[in-house]
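Order of appearance sets the numbers: ligands from 1, and atoms from 1 within every ligand. Quick note: residue numbers are just sequence positions, from 1. Worth saying up front: this structure is predicted, and the values here are computed from it rather than measured.
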Amino acid sequence: MKTLYLVAGARPNFMKIAPLVRALRAHCASLDFKIIHTGQHYDHDLNEVFFEELGIPAPDVSLGAGSGSHAQQTAKIMIGFEEACRTRRPDCVLVVGDVNSTLACSIVAKKLCIPVAHVEAGLRSGDMTMPEEINRIVTDAISDLFFVTEPSGVKNLLREGKLPTRIHHVGHVMVDNLLYQRDKLAVTDTSAFMSSGLKSRLGAYGAVTLHRPSNVDTRDALERVGATLRTVAQRIPLVFPLHPRTRGNLDKFGISLGNQVVLTGPLPYMDFLNLWKDAKFVLTDSGGLQEETTALGVPCVTVRENTERPITVEQGTNVVAGTDPENVGLEAFRILEGRGKPGQRPDLWDGKAAERVVAILARELA
Ligand code: UD1
């Protein structure tokens with residue numbers, strides 16, 4: 001039997017691994033899989049809570065890499081993962097997304113001549129100041145199999161010289177997870193959720209997530225974010241679950257967001273879904289949330305100058321507003337006035353992407 005390593009390291013990986021595990025268990029007797037947790041994210045709020053809620057089995061191997069500079073973190077993951085691959089050599093390593101764990105493990109596998117499959121391949125923002133863009137480009141440069149979420153990904157990979165037979169437009173495993181969790185949420189008692197209390201207290205609200213280094217790591221950028229949120233919050237209260245990076249920098253620079261912005265810690269997946277699915281809009285710099293809002297038809301204003309996920313703008317509810325507070329405010333107010341842009345769910349974002357991935361892997365590894 002062939003063995004597949006599934007690499008998970010940071011919060012946005014877990015949503016993508018969960019449906020792959022379900023599909024592997026349900027449809028693929030010919031593949032054994034092991035979950036390798038790099039330890040890039042380790043706090044209970046960013047880590048265990050997702051394993052529990054999303055139904056991911058406990059990792060088979062935990063590398064415990066932890067935080068650090070990009071070089072430190074990537075190096076620690078590489079050293080740990082190399083040892084794991086040498087201890088028990090897999091037949092294929094599957095990496096998801098664009099975090100440092102994705103980069104580190106794909107390089108290690110490739111240098112050991114183990115085939116690499118990349119789920120969410122081909123996305124490009126064109127912005128080389130984004131660590132994720134470097135991770136995407138390097139991972140795709142050395143991957144053997146490309147699972148793509150949207151047509152732009154296919155186009156980018158072909159432009160970069162990849163063989164068409166290696167590229168598979170399968171849809172989005174993260175949307176599989178979203179639809180699965182949304183159905184579960186519909187039959188869950190949410191009365192103890194933090195989001196339920198906030199929803200009944202606030203009535204109408206916007207939901208915010210901002211944690212990209214370009215928005216939160218310098219005083220100037222974070223002050224611009226502060227000005228943006230205070231502007232928008234004059235018209236509607238905002239709920240902002242803070243990523244540790246953002247919380248740390250708000251404290252460090254002494255920036256206050258005013259009392260119309262309700263701050264919470266990171267929320268579990270279901271609690272956060274319960275919040276944003278009913279928000280008037282979502283203000284975000286997250287890649288995943290641009291897509292999840294498109295999948296459920298919730299208006300999204302992206303506080304960035306670009307997106308690597310153009311389908312969310314071409315077909316979905318996403319507007320890339322830049323980082324100018326006035327412009328972000330205009331887009332948010334347009335939505336509040338009922339003039340937001342309608343959207344549709346992209347092709348193949350149907351809850352079955354993981355099944356397609358697993359069918360292709362079973363064929364390729366046979
Ligand atoms: C990482 C990903 C980013 C993703 C984000 C989701 C990279 C380059 N970035 O960014 O693409 O959108 O995860 O959360 O891989 N920290 C904790 N507890 C933890 C983990 C981190 O407090 O469990 C704090 C530490 O101070 C750490 C900082 O957050 O230094 C940043 O963590 P890191 O994993 O380096 O990057 P993220 O900003 O989380």
Side-chain angles (χ1 to χ4, degrees), residues 7-17 36-52 54 59 62-78 80-81 95-107 118-121 123-125 127-139 174 177 208-218 221-222 225 240-253 263-269 272 276 282-293 302-304 306-309:
V7 174
R11 184 170 60 175
N13 292 163
F14 307 142
M15 299 74 168
K16 296 165 196 165
I17 291 294
I36 315 296
H37 192 318
T38 66
Q40 177 172 349
H41 283 176
Y42 43 84
D43 277 357
H44 183 264
D45 288 355
L46 294 182
N47 181 32
E48 277 101 335
V49 76
F50 289 92
F51 271 72
E52 287 156 19
L54 304 182
S62 293
L63 306 179
S67 298
S69 69
H70 282 270
Q72 288 165 341
Q73 187 175 63
T74 308
K76 277 191 265 180
I77 298 169
M78 287 179 76
F81 190 60
V95 294
V96 298
D98 54 19
V99 302
N100 286 345
S101 303
T102 314
L103 170 82
C105 295
S106 57
I107 293 175
H118 185 201
V119 169
E120 206 186 77
L123 299 179
R124 299 287 180 267
S125 67
D127 177 357
M128 291 295 277
T129 66
M130 260 184 114
E132 292 81 2
E133 183 72 355
I134 300 166
N135 295 346
R136 290 179 201 117
I137 289 174
V138 175
T139 302
M174 191 188 57
N177 175 69
V208 181
T209 77
L210 295 163
H211 71 278
R212 293 256 92 79
S214 60
N215 274 330
V216 307
D217 274 8
T218 63
L222 199 52
V225 162
F240 188 179
L242 288 176
H243 185 283
R245 175 189 285 280
T246 310
R247 182 179 289 280
N249 287 335
L250 283 171
D251 291 347
K252 179 165 129 197
F253 300 129
L263 302 179
T264 75
L267 293 179
Y269 189 86
F272 185 51
W276 69 258
V282 171
L283 278 189
T284 192
D285 59 11
S286 146
L289 206 48
Q290 291 175 54
E291 298 176 320
E292 291 190 306
T293 47
T302 295
V303 186
R304 277 177 50 188
N306 50 55
T307 180
E308 60 285 344
R309 299 155 209 268

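The ligand atoms of ligand 1 that sit less than 4.0 angstrom from a heavy atom of Gln73 are 34 (O), 35 (O). When each atom of ligand 1 is checked for a heavy atom of Arg212 under 4.0 Å away, the hits are 3 (C), 4 (C), 11 (O), 12 (O). Close approach of ligand 1 to Pro12 is summarised as follows: ligand atoms under 4.0 Å from at least one heavy atom of the residue are 4 (C), 6 (C). Counting the atoms of ligand 1 from 1 in the order shown, those under 4.0 Å from a heavy atom of His70 are 8 (C). Every atom of ligand 1 with a heavy atom of Leu46 under 4.0 Å away is listed here by number and element: 18 (N), 19 (C), 20 (C), 23 (O).
The presence of a protein heavy atom under 4.0 Å from atom 28 (C) of ligand 1 is ruled out.
Between Leu210 and Thr284 the shortest heavy-atom distance is CD2-C, 3.8 Å.
The shortest N or O to N or O distance between Asn135 and ligand 1 is not below 3.5 Å.
Counting heavy atoms only, Ser67 comes closest to atom 30 (O) of ligand 1 of the residues Ser67, Ser101, Gly287, Pro244. Taking all heavy atoms of Gln40, His41, Arg11, Gln72 into account, the minimum distance to atom 13 (O) of ligand 1 is reached by His41.
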Item to check | Chi angles and distances behind the side chain to side chain contact (heavy atoms under 4.5 Å, CB included) call for Phe81, Thr38 | outcome: CA-CA 8 Å; Phe81 190 60; Thr38 66; over 6 Å; no

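Looking from atom 8 (C) of ligand 1 to the surrounding protein, the closest heavy atom is Asn100 OD1, 3.3 Å.
Between the side chain of Asp98 and the backbone N or O of Arg136, no donor-acceptor pair lies under 3.5 Å. Without hydrogens or angle criteria, Thr74 side chain to Ala71 main chain gives no donor-acceptor distance under 3.5 Å.
The aromatic rings of Phe50 and Phe14 sit tilted relative to each other, their planes meeting at an angle between 30° and 60°.
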